[in-house]
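Notes to accompany the following structure.
We count ligands from 1, going down the list as the structure has it; atoms in each ligand are counted the same way. Reckoned from all heavy atoms, side chains included, excluding hydrogens, waters and symmetry mates.
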Amino acid sequence: MSADTAYMASIWQQALIHMKKAFIKPLFETWIKSTMPLSINDNVIEIGTPKQFVKEWLESRYVPVIKAALKAAANKDFEVIFINMDIEMEGVEETPLLDVDTEADVLAEDIPFTTPAKDTLSLPQSPAQQEAEDDINHNDFLKYLDDMGDIPEAAASLSPAAAVPAPQTTIQPEKRPSRNQPYYTIPGDDFNLNPKYVFSTFVIGNSNRLAHAASLAVSEAPAQVYNPFFIYGGVGLGKTHLMHAIGHRIKENNPNMKVVYISSEKFTNELINSIISGNPESFRQRYRYIDVLLVDDIQFLSKKEHTQEEFFHTFNTLHEANKQIIISSDRPPREIQTLEDRLRSRFEWGLITDIQTPDLETRIAVLRKKAMMESLSVPNEVVVYIASRIENNIRELEGALIRVIAYASLNNQPIDIDLATEALKDIFPNGRPKQVTTDLIQEIVAGHFKLKLEDMSAKKRTRNVAYPRQIAMYLCRELTETSLPKIGEIFGGRDHTTVIHAHDKISREKNMDAKLNNTLKDLIKRIES
Ligand SMILES: Nc1ncnc2c1ncn2[C@@H]1O[C@H](COP(=O)(O)OP(=O)(O)OP(=O)(O)O)[C@@H](O)[C@H]1O
């Protein structure tokens, strides 16, 4: 971690401790915990929010509290800038609720949150020192809020809570459980689901929007909408993640339902074992008295005639009893060689949906979400570097990020583009990307729109100049580490709020305007090549 990153992480961690005590829990969990610090520059700190409406909500209500917490943490006044990172927060309406009490009630029940890893950032003090200091600073913090007349709900009655344990000093890369390794077992059910594979950690993009929407529909109304539900797509694109998410959601909504997730390899092995042990009936009983059956990687049943036969009967029994069946495969049913026709035709009874390879935006969003979940600040440049080189497999994308994080941790160095290039040199032998600078971006954008370079910083506000300028500001924000005030300065001494506005506008419009989206992709390609 660089000195700046460590400083920022340490301050934010301290500020969180104050805010955690100041807010009632649902408000803290909803509005504060889903944010992360992105950069710190003198007295400006940029905070990432998962959604535009979170950004707006924080801006309209909680700036004084956040500033006060930062002041208590760093003994310094900060200007706070929120940046919408547009990461999926499942289950939340995009309209801020106005009544705080109602809001707390609603949110406490409805929203699943990802918990940022507590053990990824280092703080300087021991727990005892930390506790003493917390008490002093927290009292100052409350007094400060009191002076401003802006004590959030429940804050006044709070006494400083027990110190938050000092996190460990190293960043541990997450180990991916192997395909057959159990994750955790829900009591009463004989199956394993990965707690991380839930809807709230799944990034939605054009490549998986339909599969995600259908998965949500199935999980909200099992056996009522699409039965069977068949998801197919290439390796590492999120099929298992979605299946587990469906399993979790069904169990949340219907705790008594028996939900079984199994890979088709395991299904085959269990069948063989039951035959070897002379008790095939036990196998049948086990699979025929469940409410939801999720079978992963069904393509492995190809060529296994006896298992197909058994699965066919299991399928029929469950389907006739109106139980939900969810199947995944790396290809559509018609392309699974040697799959019995009668099984294939049954798979085609319900909905067949595919997941395609993710576009650049989705890949970037997956990496950002992953970094956010690890409470890590990974420079944009590094995120774009990885995302633009791994196109076909999200598991590999995550693997590359984990490798960079581990490399930084082991060498005790900050995550930057040099380190990422070094850490990934075996994977990307072409090495370091071209240095992306704001000058280069201005030059390429101006050229594309047939403008003069000076127009980028001119005072002109006509649309033919203002729009390309906004695009260039957006790209500077996305592709470089330059701070907002600095970008404003480069573009003719404009205020940082102009840059924020340009970034928000282009981010929003590119989702609705395919032409703009293609222009951006084209520009990024030229800037990086
Ligand atoms: N849209 C997404 N958002 C967030 N994470 C994702 C997304 N898609 C895939 N992943 C992550 O990528 C990794 C691989 O996903 P998963 O195991 O679900 O892929 P798969 O399609 O089942 O692959 P396989 O064909 O190898 O079984 C997981 O860690 C998963 O969480």
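How far CD1 of I500 is from CZ of R477: 8.0 Å, rounded to the nearest 0.5 Å.
The 12-atom threshold is not exceeded at NZ of K525, counting heavy atoms of other residues, nucleotides or ligands nearer than 6.0 Å.
Annotation: G238 places an N or O atom under 3.5 Å from an N or O atom of ligand 1; distance criterion only. Geometrically, ligand 1 and E398 share a nitrogen or oxygen pair separated by less than 3.5 Å. Note: an N/O pair closer than 3.5 Å links V203 and ligand 1 by distance alone. For a threshold of 3.5 Å applied to N or O pairs, the pair formed by L237 and ligand 1 contains at least one separation below that value.
Which of H241, R395, E396 comes nearest to atom 17 (O) of ligand 1 through a heavy atom is settled by distance: it is R395. Considering only non-hydrogen atoms, atom 25 (O) of ligand 1 lies nearest to K239 out of M373, K370, Q299, K239.
If you number the atoms of ligand 1 from 1 as listed, the ones under 4.0 Å from a heavy atom of G234 come out as 21 (O). Each of the atoms 27 (O) of ligand 1 lies under 4.0 Å from some heavy atom of D297.
By the criterion of a heavy-atom distance under 4.0 Å, the side chain of N208, and not its backbone, is placed next to ligand 1. Counting heavy atoms under 4.0 Å from ligand 1, residue T201 touches it through the backbone alone.
Taking the six-membered ring wherever Trp is involved, the centroid distance between the rings of F199 and H248 does not fall below 6.0 Å.
Ion pairing between a basic and an acidic side chain is recognised when a charged N comes within 4.0 Å of a carboxylate O; K425 and E422 show such pairing.
Ring orientation note: the planes of Y197 and H244 are nearly perpendicular, at an angle over 60° on the 30°/60° scale. Ring orientation note: the planes of F267 and F311 are nearly perpendicular, at an angle over 60° on the 30°/60° scale.
Judged by distance alone, with hydrogens and angles left aside, the side-chain atoms of S328 form no donor-acceptor pair with the main-chain N or O of Y232 at under 3.5 Å.
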Checklist entry - Could you walk me through whether H503 and Q470 pass the side-chain hydrogen bond (donor to acceptor under 3.5 Å, both in side chains) check? => result CA-CA 7 Å; H503 185 267; Q470 286 174 330; over 6 Å; no

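Under the 4.0 angstrom criterion for non-hydrogen atoms, G233 is not in contact with ligand 1.
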